[in-house]
Amino acid sequence: MKRIHLHLLSDSTGETLEMIAKAALAQFEDADVVRHFWPMVRSRQHLERIVPELSSNPGLVLFTLVNTETRAALRDHCRRLSLPAVDALDEVTAALEVQLGEEAHGRPGRQHRMDEAYFKRVEAIQYTIAHDDGVGWDNWEQADIVLAGVSRSSKTPTSIYLANRGYKVANIPLVLESPPPPALYSLKNPMVVGLTTAPERLVQIRRNRLLTLNEQAETSYVEKDRVSEEVKFARRMFADNNWPVIDVTRRSIEETAAAIIRLHNERHARVKPEEKPI
């Protein structure tokens with residue numbers, strides 16, 4: 001496949017732009033793409049310093065610049081260099097202006113302002129980090145979501161991803177010889193979700209984990225029958241407690257998190273306002 005250069009220019013952190021580019025590139029297998037990331041581009045002077053790089057590495061320019069002068073200057077440079085330039089939010093913003101009947105404010109980084117939602121995410125991240133791997137079970141009732149699963153079933157990365165979306169998440173590893181705290185079975189506020197995976201895939205993940213730690217590769221931790229027994233134990237617990245289950249075998253962290261958020265929203269939609277826990 002042909003190699004291309006992808007220039008990502010943003011007047012803020014560039015997080016939104018990176019997510020858009022990642023989602024689009026996922027549609028192309030084995031895409032050979034060299035990314036050039038240019039965040040916090042908020043002046044003509046800064047833009048002028050980037051132009052030589054655009055000229056040296058011609059390719060697609062993807063940008064989110066709300067300042068009209070900077071945006072116009074970038075378009076002019078791209079026309080002069082014969083480079084395709086795409087405003088990642090232009091059509092969405094224009095459509096919203098029509099529907100809302102007002103012009104966009106055009107303020108860089110506005111989505112990252114320190115509002116109530118921002119502090120909610122910070123609180124969620126702090127809670128989630130403090131309640132990883134079964135820690136702090138005595139105040140799990142404060143969580144929005146509790147993830148349960150055997151070792152290496154993506155509990156921690158999924159928890160952190162959800163925390164960045166504003167959800168307080170605790171997670172608990174399920175171990176054959178060590179039953180979880182009784183509090184897990186009497187939670188009222190949080191939704192408990194079971195994460196499961198194919199034993200063969202789990203063995204592979206655990207082997208890779210041991211290799212990165214330079215530990216012995218042949219232990220009961222990666223023994224196929226033992227791992228299968230762990231997975232069955234966990235699935236039986238999920239079924240006995242009527243917890244929703246998500247198979248993460250072929251899911252990315254983002255896909256798993258999206259499924260959990262959907263379950264969480266459906267659960268809250270079923271609960272009448274007066275019945276929702278405080």
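What you are looking at is a predicted structure, and each value in this text was computed from that prediction instead of being measured.
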- Query: So which heavy atom on Gln142 is nearest to which on Lys168, and how close?
  - Reply: O-CD, 3.6 Å
- Taking atom CZ of Arg80 as the centre, does the number of heavy atoms from other residues, nucleotides or ligands within less than 6.0 Å exceed 12? yes
- Message: Please check: side-chain N/O of Thr212 versus main-chain N/O of Arg209, any donor-acceptor pairing under 3.5 Å?
- Response: yes
- Task: Check for a donor-acceptor pair, side chain of Thr249 on one end and backbone N or O of Thr197 on the other, with a separation under 3.5 Å.
- Result: no
- In plain terms, say whether Glu223 and Arg206 are close enough for a salt bridge, that is, a side-chain N and a carboxylate O under 4.0 Å apart. no
- Without hydrogens or angle criteria, can the side chains of His77 and Glu48 be said to hold a donor-acceptor pair below 3.5 Å? yes
- Message: Hydrophobic cluster membership, with links at side-chain heavy-atom distances under 4.5 Å among I/L/V/M/F/W/Y: are Leu263 and Phe238 in one?
- Response: no
- Item | Taking every non-hydrogen atom, the tightest pair across Pro199 and Ser228 | CB-OG, 3.5 Å
- Taking atom CG of Leu174 and atom OG of Ser153, what is their separation to the nearest 0.5 Å? 7.5 Å
- Interatomic distance, Asp87 atom CG to Leu9 atom CG [nearest 0.5 angstrom]: 11.0 Å
- Item | Minimum-distance pair of heavy atoms, taken over all atoms of Ser252 and Glu255 | N-OE1, 2.9 Å
- Message: Can you list everything that forms a salt bridge (charged side-chain N to carboxylate O under 4.0 Å, His left out) with Glu200? Sequence neighbours excluded, please.
- Response: none
- Query: Quick one: are Glu18 and Ile20 in side-chain contact, heavy atoms under 4.5 Å?
  - Reply: no
- Message: With a 6.0 Å cut-off (strictly less than), is the heavy-atom count around CG of Asp138, excluding the residue itself, greater than 12?
- Response: yes
- Message: Show the nearest heavy-atom pair for residues Trp140 and Pro190, with the distance to one decimal.
- Response: O-CG, 3.3 Å
- Task: May I ask whether Ile4 and Leu25 are part of the same hydrophobic cluster, defined by side-chain heavy atoms of I, L, V, M, F, W, Y residues being less than 4.5 angstrom apart, directly or through others?
- Result: yes
- Item | Between NZ on residue Lys232 and OG1 on residue Thr196, distance to nearest 0.5 Å | 12.0 Å
- Task: Return the minimal non-hydrogen interatomic distance between Ala21 and Leu62, and the atom names on each side.
- Result: CB-CD2, 4.2 Å
- Query: Backbone N or O of Gly14 within a donor-acceptor pair of the Ser12 side chain at under 3.5 Å?
  - Reply: no
- Message: Assigning hydrophobic clusters by single linkage (Ile, Leu, Val, Met, Phe, Trp, Tyr; side-chain heavy-atom cutoff under 4.5 Å), is Leu147 placed with Tyr185?
- Response: no
- Item | Spatial distance of atom CG (Asn265) from atom CD1 (Ile260) [nearest 0.5 Å] | 12.0 Å
- Item | Leu8 vs Trp38 side-chain heavy atoms within contact, under 4.5 Å | no
- Please confirm whether the backbone N or O of Val66 pairs with a side-chain atom of Asp11, one donor and one acceptor, at under 3.5 Å? yes
- Close side-chain approach of Val193 to Met191, heavy-atom, < 4.5 Å: yes
- Heavy-atom check, side chain of Pro39 versus side chain of Thr13, under 4.5 Å: no
- Item | Stepwise side-chain contact (heavy atoms from CB on, under 4.5 Å) test for Leu54 and Leu81 | CA-CA 8 Å; Leu54 299 181; Leu81 296 170; 4.1 Å; yes
- Just checking, any donor-acceptor pair under 3.5 angstrom between side chains of His7 and Asn57? no
- Query: What's the verdict on side-chain contact (heavy atoms from CB on, under 4.5 Å) for Thr128 and Leu162, showing C-alpha distance, side-chain angles and the deciding distance?
  - Reply: CA-CA 9 Å; Thr128 300; Leu162 287 167; over 6 Å; no
- Query: Got a sec: does the CH2 of Trp243 have more than 12 other heavy atoms crowding it under 6.0 Å?
  - Reply: yes
- Item | Within-4.5 Å side-chain heavy-atom neighbours: Glu230 and Arg226 | yes
- Pair Glu215 + Arg207, salt bridge at N-O below 4.0 Å: no
- Message: If we count only N and O atoms by modelled type, under 3.5 Å, do the side chains of Thr256 and Arg251 hold a donor and an acceptor together?
- Response: no
- Task: Check the hydrophobic clustering (I, L, V, M, F, W, Y; side-chain heavy atoms under 4.5 Å; chains of links allowed) and say if Leu17 and Leu6 are grouped together.
- Result: yes
- For Val150 and Ala234, which heavy atoms make the closest approach, and how far apart are they? CG1-CB, 3.9 Å
- Message: For Asn67 and Arg42: C-alpha separation, side-chain torsions, deciding distance, then whether side-chain contact (heavy atoms from CB on, under 4.5 Å) applies.
- Response: CA-CA 8 Å; Asn67 181 275; Arg42 294 187 174 181; over 6 Å; no
- Message: Is there a side-chain contact between Trp137 and Pro180 in this structure, where contact means two heavy atoms from C-beta onward sitting under 4.5 Å apart?
- Response: no
- Item | His264 and Tyr167 aromatic ring geometry - parallel, tilted or perpendicular at 30°/60° bounds | perpendicular
- Do Met237 and Leu176 share a hydrophobic cluster (ILVMFWY, side-chain heavy atoms under 4.5 Å, transitive)? yes
- Task: Decide if atom CE of Met40 counts as having more than 12 heavy atoms of other residues, nucleotides or ligands within a radius under 6.0 Å.
- Result: yes
- Separation between CG of Asn208 and CZ of Arg152, rounded to the nearest 0.5 Å: 10.0 Å
- Between the side chains of Asn171 and Asp132, is a donor N or O closer than 3.5 angstrom to an acceptor N or O? yes
- Assess whether salt bridge (Lys or Arg N to Asp or Glu O under 4.0 Å) is satisfied between Lys188 and Glu141, documenting all intermediate values. CA-CA 7 Å; Lys188 297 292 188 296; Glu141 197 62 49; over 6 Å; no
- Rounded distance (nearest 0.5 Å) linking atom CD of Glu254 with atom CD1 of Ile261: 11.0 Å
- Message: Val61 vs Leu74, test: side-chain contact (heavy atoms from CB on, under 4.5 Å). Steps then yes/no.
- Response: CA-CA 9 Å; Val61 177; Leu74 175 61; 4.2 Å; yes
- Task: Side-chain contact test, heavy atoms from C-beta onward, threshold under 4.5 Å: evaluate it for Asp144 versus Val169 and give yes or no.
- Result: no
- Query: Quick one: does Ser154's side chain get under 4.5 Å of Ile253's, heavy atoms only?
  - Reply: yes
